[in-house]
Enquirer: 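For reference, the structure I am asking about is given below.
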Amino acid sequence: MRLAWWKISSILLLCYAVAGGMLLPVPALSQLGETIRNLYFHVCMWFAMMILFTISIIYSIKYLNKSDLRHDIKAKSYAAVGTYMGLLGYSTGAIWASFTWADPNNPAYASFGSIMREPKLIGAAMALLIYGAYFILRSSIKDMDQRARVSAVYNVFAYTMLFPSIWIIPRLLPSLHPGQEGNPALNFNDIDSRMRMVFYPAVLGWTLLGAWITTLKIRIELIQEKKILTNEK
Amino acid sequence: MKSKILSFLLSMGILTSKAQQTVQTSTTMADGMRSNGKIYVVVAVLLTILLGLIAYVIRIDKKVSRLEKDSKQE
């Protein structure tokens, strides 16, 4: 079996992101130090999540147009892997924040209290919980067509809720998290040009890996649901 | 099981903040580590893990391809 070109490029880009991310020079910033290299991994999780959620809502709208169960399976799988990426982004952010935001002079629980009040963290948690509800909603409806239709509509709602929760509210409120004035990591003025050389390939690599895992999920499910799908057509 | 792993990761992040007791005055970058070449050890470990995981994904990919072939012949 030959791997598709985008799978090979995902592998190469990720190897470059890890090796380049560790070895290439980064700006020396106080507070952050070498942890700035987390940009190539933590931030990429959120970028990949957004892209996968966007693909998911496209398939949901396609389902509402055509009522093809294949589109529902695809929408669900992209949302699932996107949520997983989001959870990874959240937990890596928790580790990163505990080293750069936590005040070493305070006890850990005091720092934790102020970190958890961060609007960006609350917004991201909201977005992930809304997508969590998407899967609970799916599992609570037995009838396949009804489940597909209701969850496609809910997916449109969940995607639109991303905008206030992770794009708008965090920009209105003061936060320790970078990027309040614009788009974190995309702004040409606040990301060092040396870092952009690794960051963009890393985003692409992680997104392609997410898409690869999603296609595997979709293909397995299509085999499982083959009977229903062939009867339908 | 999954939720256990996740809560472990989160609590690990919280607990490690306690270990960080010293205040840094100047930015110290890991230059020393790079100059004596040991950072390459880290890169090797990371690449091994990454390639190992990707090899696993490739294996699953192959398996799914075979299943697709089988289910077409039925």
Side-chain angles (χ1 to χ4, degrees), chain A residues 1 3-4 7 10-11 14-15 17-23 25-34 36-37 41 84 87-88 90-109 111-112 115-116 205 209 212-213 215-220 222-224 226-227, chain B residues 2-3 5-34 37-74:
Chain A
M1 189 194 77
L3 283 176
K7 292 172 183 170
S10 162
I11 299 170
L14 284 178
C15 290
V18 167
M22 287 294 139
L23 298 173
V26 291
L29 301 169
S30 62
Q31 278 280 308
L32 288 175
E34 295 278 0
I36 189 71
R37 295 178 192 279
F41 307 98
Y84 201 78
L87 287 175
L88 287 176
Y90 203 89
S91 38
T92 50
I95 298 170
W96 195 2
S98 65
F99 283 96
T100 49
W101 292 353
D103 185 351
N105 302 315
N106 284 341
Y109 65 86
S111 305
F112 184 67
I115 286 173
M116 280 300 130
L209 183 69
W212 186 0
I213 294 170
T215 55
L216 290 179
K217 266 175 80 77
I218 293 168
R219 284 161 67 190
I220 291 171
L222 286 177
I223 295 169
Q224 281 175 341
K226 200 186 161 207
K227 266 194 186 141
Chain B
K2 257 184 204 163
S3 61
I5 295 173
L6 191 69
S7 57
F8 170 73
L9 275 178
L10 286 172
S11 59
M12 199 173 63
I14 297 154
L15 287 177
T16 40
S17 66
K18 214 171 188 176
Q20 190 198 33
Q21 289 294 341
T22 51
V23 188
Q24 278 192 342
T25 42
S26 64
T27 313
T28 45
M29 304 294 270
D31 295 326
M33 200 180 187
R34 189 167 295 100
K38 287 212 177 64
I39 185 73
Y40 295 105
V41 182
V42 182
V43 176
V45 168
L46 288 176
L47 282 178
T48 311
I49 292 173
L50 181 69
L51 288 176
L53 288 175
I54 286 173
Y56 188 51
V57 175
I58 292 173
R59 257 177 62 91
I60 297 173
D61 198 324
K62 279 183 178 167
K63 240 177 215 171
V64 173
S65 298
R66 205 170 58 229
L67 278 173
E68 274 172 342
K69 234 165 130 191
D70 290 348
S71 76
K72 256 186 200 139
Q73 281 168 352
E74 270 170 23

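The sequence lines fix the lettering, A, B, ..., with proteins before strands; numbering per chain opens at 1.
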Enquirer: Considering only heavy atoms, which portion of A:Trp96 lies under 4.5 Å from any heavy atom of chain B: side chain, backbone, both, or neither?
Expert: neither
Enquirer: What distance do A:Arg219 atom CZ and B:Lys63 atom NZ have between them, rounded to the nearest 0.5 Å?
Expert: 13.5 Å
Enquirer: Give me the atom names and distance for the closest heavy-atom approach of A:Ala19 to B:Val43.
Expert: CA-CG1, 3.9 Å
Enquirer: Under the side-chain contact (heavy atoms from CB on, under 4.5 Å) test, which residues partner B:Leu67, sequence neighbours left out?
Expert: A:Ile223
Enquirer: Quick one: which of B:Ile58, B:Val57, B:Leu50 gives a side-chain contact (heavy atoms from CB on, under 4.5 Å) with A:Ile11?
Expert: B:Ile58
Enquirer: Working to the nearest 0.5 angstrom, can you tell me the gap between B:Ile60 CD1 and A:Ile213 CD1?
Expert: 8.5 Å
Enquirer: List the steps and the verdict of side-chain contact (heavy atoms from CB on, under 4.5 Å) for B:Ile49 and A:Val18.
Expert: CA-CA 11 Å; B:Ile49 292 173; A:Val18 167; over 6 Å; no
Enquirer: Please name all residues satisfying salt bridge (charged side-chain N to carboxylate O under 4.0 Å, His left out) with A:Lys7, sequence neighbours left out, ordered by chain then number.
Expert: B:Asp61
